[in-house]
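Report on the structure given below.
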Number of protein chains: 4
Amino acid sequence: MKEMKKNRPKYMQIIDAAVVIIAENGYHQAQISKIAKQAGVADGTIYLYFKNKEDILISLFQEKMGYFVGSVEEKIAGKQTATEKLYMLVETHFKILSDDRHLAIVTQLELRQSNKDLRHKINEVLKGYLMLIDKIILEGIENGEFSSSLDLRLARQMIFGTVDETATSWVMNEQKYNLADLAKAVHQLLISGCGYQDNKPVL
Amino acid sequence: MKEMKKNRPKYMQIIDAAVVIIAENGYHQAQISKIAKQAGVADGTIYLYFKNKEDILISLFQEKMGYFVGSVEEKIAGKQTATEKLYMLVETHFKILSDDRHLAIVTQLELRQSNKDLRHKINEVLKGYLMLIDKIILEGIENGEFSSSLDLRLARQMIFGTVDETATSWVMNEQKYNLADLAKAVHQLLISGCGYQDNKPVL
Amino acid sequence: MKEMKKNRPKYMQIIDAAVVIIAENGYHQAQISKIAKQAGVADGTIYLYFKNKEDILISLFQEKMGYFVGSVEEKIAGKQTATEKLYMLVETHFKILSDDRHLAIVTQLELRQSNKDLRHKINEVLKGYLMLIDKIILEGIENGEFSSSLDLRLARQMIFGTVDETATSWVMNEQKYNLADLAKAVHQLLISGCGYQDNKPVL
Amino acid sequence: MKEMKKNRPKYMQIIDAAVVIIAENGYHQAQISKIAKQAGVADGTIYLYFKNKEDILISLFQEKMGYFVGSVEEKIAGKQTATEKLYMLVETHFKILSDDRHLAIVTQLELRQSNKDLRHKINEVLKGYLMLIDKIILEGIENGEFSSSLDLRLARQMIFGTVDETATSWVMNEQKYNLADLAKAVHQLLISGCGYQDNKPVL
DNA sequence: CATGAATGAGAATTCATTCAT
DNA sequence: TATGAATGAATTCTCATTCAT
């Protein structure tokens, strides 16, 4: 039944309105009435598509994170090496945020203000993305691109932590510079670290 | 005037009460009345030491982050190489959080629920810590330990992002494993990255 | 026009659905959408048969109270004395409620939660029943069965108040005992009161 | 702790304000803000004395019903016979309602619109009053004033049902006549019933 | 006749902050 | 200094009713 609701045009209309309103007003100033107005529907209509306010936020995150995972998977598909795949992940991640500045503000800053419950639910959704990272790491280890002594969890946390922190800093600096341009250098860092190793570019 | 207040015993008493209350109840359930009760003072008394609720949280972060920076600086002092210094930073960071589980919950989870304004102020406080990281990176580049092509900002974001994400995951996993034990592997990752480079342990 | 509507099958279908829904969910949880679902029609269809929600409840009460009055009149018809007629009234009243536990809950508990306006309208409908009681009392006074000093209104209020309170208590006690069995004793009380008067059973 | 609150003047101030507001606006139009304004306090102050809106209503009923029971007990104290005691109960009941027309509206009409939960709680409070009735009935049976074949529950339901219905009718007729004047006749009815029994006044 | 998606008004409650004592 | 009773602003969600199909 909910699947049906998701396919009705107002479902995405409301989610997109929520992204705009939260980005422009902040999480705590994003009242349902504002979102409804932005979406061009009545307040009550929101509740035909979402159980409550929290449900809007989780759905928002699900939809957008689904797009993240889908986009990355698509970009990765044609690549042969884990190194190249990791690059596509970083690039795609930065690209999507660059292309939708509202979304960037919402995912990097505003949604983190949600309470613990919501954050745990968001983390569940995030798992799909983290598993994508894991797959790349394991592939890299298997084919000898990556160090065989890598701790999967720590490597994943470095990759996600670095990408996320880079994106957050960019948003907090009001997106003044070009995030997408950083993909190459970030990727290089993730592959080779800070240390001097006769570093040749990896790509 | 504030300096004077800081020296009065109730100042730290209230901050410590805030850490406990926020850790145990969550950011949004940490009412002034609860903090006052925990601190053993009346609600109104809090306002003799802090301008408002936000001021408690910033002060809390300042005090604790000051301790972070101080501790790391102390540990670093005796080390010769940037590599060693980076290790001490990671180790100390993890150690402090391991030793004060309430503080870990507050800084890694709860305080991030604050609004954008407060987060910007917290970021100001964080700068002292980030500058410490910068100093290590620059030293590493200068003496040839680190790659000369490092982008200072990105390297800092990788280091902080990785350490922070590792700590946050640990807290979200209810601190089930030993965070301090991860310092070595995390440090290795930061120095050498994921890539295969005939990886020898760096320490 | 309304008469025509009453004859269409969906009219009673909706009223019966309302009885079930109100009995099972309570007055305030008996939404139009639930009643419509139970009746097997669309929400909007309800408004083809009833002006508004209040109109459903009044109509419900009218239909059921009409059945009450009709049943009592029928039972009374063959009886000679006012005493016997009063007995038939009490017995029939209890019998109808015993036979339809949903109806009992609705009339004794749920419908009383309606607002003052609706209650006044319900009282109008109730008048038909109260007039039946009046007729019995007057007949009793005329033929010497009842005290000639009876105040008609007070006697009516005692009879209705007693029967109603007995029924309500029975419903609030979850209909655990047999209401119909109480008819004789209640009737005796109404005729002879509490006082000791060499009480012989009146029937 | 709550006992302390009850003794602070604002406790009764709020309850009395609630009686006025509910009587004048009806149960569903008695918003907290109206009650607060009438009581001369801020909305939030209400919640220092009452857990929630329902708690105001239960407390209101408790306080007033306590006054009912207390008044009746006091009046009964000096009387010798159950017949006289029953008279005092009816008279006091009618007198209290006559003297406080707002209270009459609230208890006879408005409070009955409350939901089932609240009604069950109100019924608990009512038990004190019903036990008073029971005591009178039992005493009357023991000393031979009342019929030894009385069913306690039914007799109680007749007495309460009659008094309550009489009061409710009076309120629904907008208190146009004098309720207190009816005490004697109602009492006579309760003692002797409708039947002709060479009825001499019982008092 | 029948549908059911859309509407939009309306109110209880919390909690940071104040200020008289 | 310290207290804690009082303040009052601010927002989600429900559901009777409508009307285009």
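Letters go in sequence order (proteins before strands), and every chain restarts at 1. Just so you know, these numbers use all the heavy atoms, side chains as well, and skip hydrogens, waters and symmetry mates. Note that this is a predicted model, so its numbers are computed, not measured.
- Going from atom NZ of C:Lys53 over to atom P of F:dA16 covers 4 Å, rounded to whole Å.
- With rounding to whole Å, A:Asp55 atom CG is found 10 Å from F:dC13 atom P.
- Closest approach to the C:Asp43 side chain among F:dA2, F:dG4, E:dG4 is made by E:dG4 (side chain taken as heavy atoms from C-beta onward).
- Put simply, OH on C:Tyr47 is 15 Å from P on E:dT3, counting in whole angstrom units.
- Between A:Gln38 and A:Ala17, the closest heavy-atom pair is CG-CB, 3.4 Å.
- With rounding to whole Å, D:His28 atom NE2 is found 15 Å from F:dT14 atom C1'.
- Nearest-nucleotide positions on DNA chain F place A:Lys51 closer to the 5' end than the other of A:Lys51 and C:Gly44.
- Residue A:Ile22 holds its CD1 atom at 6.5 Å from CG of A:Leu111, rounded to the nearest 0.5 Å.
- With rounding to whole Å, D:Ile46 atom CD1 is found 13 Å from F:dT7 atom C1'.
- Going from atom CD of A:Gln31 over to atom P of F:dT12 covers 6 Å, rounded to whole Å.
- Both A:Ala30 and C:Ala30 lie close to DNA chain F; mapped to their nearest nucleotides by heavy-atom distance, the more 5′-ward contact belongs to A:Ala30.
- Base pairing of F:dT7 is made with E:dA16, judged by Watson-Crick or G-U wobble geometry with both donor-acceptor distances under 3.5 Å.
- Both A:Ala42 and C:Val41 sit near DNA chain E, but only C:Val41 has its closest nucleotide nearer the 5' end.
- Note: OH (A:Tyr49) to P (E:dG4) measures 14 Å, nearest angstrom.
- A donor-acceptor pair is defined here as one N or O able to donate and one able to accept, closer than 3.5 Å; such a pair exists between the side chain of C:Arg112 and the backbone of C:Thr107.
- In this structure, D:Lys34 does not reach the E:dA11 phosphate: none of its side-chain N or O atoms is under 4.0 Å from OP1 or OP2.
- When heavy atoms are screened at a 4.0 angstrom cut-off, A:Ile32 is found touching the sugar-phosphate backbone but no base atom.
- In terms of heavy-atom proximity, C:Glu110 sits nearest to C:Tyr27 at OE1-N, 2.9 Å.
- As rounded to the nearest Å, E:dC1 and F:dT21 have P atoms that lie 23 Å from one another.
- Contact detail for B:Ile15 and B:Phe50: the closest heavy-atom pair is CG1-CZ, 3.8 Å.
- Comparing D:Thr45 and D:Ser33 along DNA chain E, the residue whose closest nucleotide (by nearest heavy atom) sits nearer the 5' end is D:Ser33.
- Here E:dA6 is the nucleotide among E:dA6, F:dT1, E:dA2 with the atom lying nearest to any side-chain atom of A:Lys10.
- Taking atom CD1 of C:Ile14 as the reference point, atom P of E:dC1 lies 12 Å away to the nearest angstrom.
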